[in-house]
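Worth saying up front: this structure is predicted, and the values here are computed from it rather than measured. Letters A, B, ... are given to chains in the order of the sequence lines, protein chains preceding strands, and every chain is numbered from 1.
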Number of protein chains: 2
Amino acid sequence: MAHTNYNCNPGCPVEAALEVIGGKWKGVILYHLLSETMRFNELRRVMPEVTQRMLTKQLRELEADNLIARKVFPEVPPKVEYSMTEYGKTLTPVIHSLQQWGSRHLEEVAQRVADR
Amino acid sequence: MAHTNYNCNPGCPVEAALEVIGGKWKGVILYHLLSETMRFNELRRVMPEVTQRMLTKQLRELEADNLIARKVFPEVPPKVEYSMTEYGKTLTPVIHSLQQWGSRHLEEVAQRVADR
DNA sequence: CTGGATCCAACGCGATACTG
DNA sequence: CAGTATCGCGTTGGATCCAG
């Protein structure tokens, strides 16, 4: 289910992975959903700078790729929960290493600023 | 767990990481450069679908973020080598996990197709 | 609350031509 | 070989309104 152009030397693993999780906000979405199931507006709250339109779009794509599950509760007011699928959970090492590196990177950048 | 920064903004580690390596082709570029130093046209060859313009741009950004080094040889014809910086090499776990997951994902997708 | 539909500006990106 | 410059279009994505 390619959303960006699929045009790889057939079988580059990194390209294949980025094809699926390389969307602008997908990494962050997966990061949050790995820690807990969340509703639509909960996701908006932890990612304030993502517009509703974009959040919806990225969620749909992740769902189409079978990484997350969308569960609608037939209630009023509506309630929709997003959670990782079993397949999506296999991304744990990827997101985890991203988080680890990001943490150290934030320190690194802060250090560079402090040095000035 | 007790110290995880739940509220993502600002300073979400995953966002910070994606900020730097989330560019459309950066993951693939880093993947290749982690295995070996390469010249400009060598990179083009292993990533045929990336235009020259985009490759140049992404390389410049990675260089600005101190992840890769650009070494110009004052020769005719020109020769420019791109390599990982020491800091860039700290991305090894990230790229590695991406590659691992991508490999299994390719098998998964092939399996889905075979099932039909 | 959880979206879908529409309009429109911004710019990412490709194509092409040119240069040291 | 390794870029830079310019043009132009198509997509992205924000803002807004509407709906179940």
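Distance B:L55 CG to D:dG3 C1': 11 Å, rounded to the nearest Å. Straight-line distance from the CD atom of A:E61 to the P atom of C:dG3: 15 Å, rounded to whole Å. Spacing between atom NZ of B:K26 and atom P of C:dC13 amounts to 11 Å, rounded to whole angstrom units. The distance from atom NZ of B:K24 to atom P of C:dG12 is 12 Å, rounded to the nearest whole Å. In this structure, B:R45 atom CZ and D:dC1 atom C1' are separated by 11 Å, rounded to whole Å. The CG-P distance, from A:L59 to C:dT2, rounds to 11 Å in whole Å. Computed from coordinates, the A:R44 CZ to D:dA15 P distance equals 11 Å when rounded to whole Å. D:dA15 atom P lies 15 Å from atom NZ of A:K57, rounded to whole Å.
For the salt bridge (Lys or Arg N to Asp or Glu O under 4.0 Å) condition, no pair includes a residue of residues 92-106 of chain A, sequence neighbours left out.
A:H32 NE2 to A:M47 CE: the interatomic distance, rounded to the nearest 0.5 Å, is 6.0 Å. Residue A:L106 holds its CG atom at 9.0 Å from CH2 of A:W101, rounded to the nearest 0.5 Å. How far CG of A:L34 is from OG of A:S83: 10.5 Å, rounded to the nearest 0.5 Å.
When all heavy atoms of B:R44 and B:L55 are compared, the closest pair comes out as CG-CD2, 3.4 Å. Scanning all heavy atoms of the two residues, the minimum distance from A:M38 to A:V46 falls at CE-CG2, 3.9 Å.
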Sort me out a list of protein N/O and nucleotides 4-10 of chain D N/O pairs below 3.5 Å, or just none if empty.
| residue | atom | partner | partner atom | Å |
| --- | --- | --- | --- | --- |
| D:dT4 | O4 | B:Q52 | OE1 | 3.2 |
| D:dT6 | O4 | B:R53 | NH1 | 3.3 |

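Residues passing the side chain to side chain contact (heavy atoms under 4.5 Å, CB included) test with A:E108 are A:R112, B:Y87, sequence neighbours excluded.
Heavy-atom distances to DNA chain D give each of A:M54 and B:F40 a nearest nucleotide, and the one nearer the 5′ end belongs to B:F40.
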Which donor-acceptor pairs under 3.5 Å do the side chains of residues 59-71 of chain B make with protein atoms, sequence neighbours left out?
| residue | atom | partner | partner atom | Å |
| --- | --- | --- | --- | --- |
| B:R60 | NH1 | B:Y82 | OH | 3.4 |
| B:E61 | OE1 | B:K26 | NZ | 2.7 |
| B:R70 | NE | B:Y82 | OH | 3.3 |

Donor-acceptor pairs under 3.5 Å, side chain of residues 93-100 of chain B to any protein atom, not counting sequence neighbours: which ones?
| residue | atom | partner | partner atom | Å |
| --- | --- | --- | --- | --- |
| B:S97 | OG | A:S97 | OG | 3.0 |
| B:S97 | OG | B:P93 | O | 3.2 |
| B:S97 | OG | B:V94 | O | 2.9 |

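Regarding contacts with the backbone of C:dG14, a side-chain N or O of B:T51 is found under 4.0 angstrom from either OP1 or OP2. The side chain of A:R39 places an N or O atom within less than 4.0 Å of a non-bridging phosphate oxygen (OP1 or OP2) of C:dT2.
Proximity of residues 73-82 of chain B to DNA chain C (heavy atom under 4.0 angstrom from any strand atom) is restricted to B:P78.
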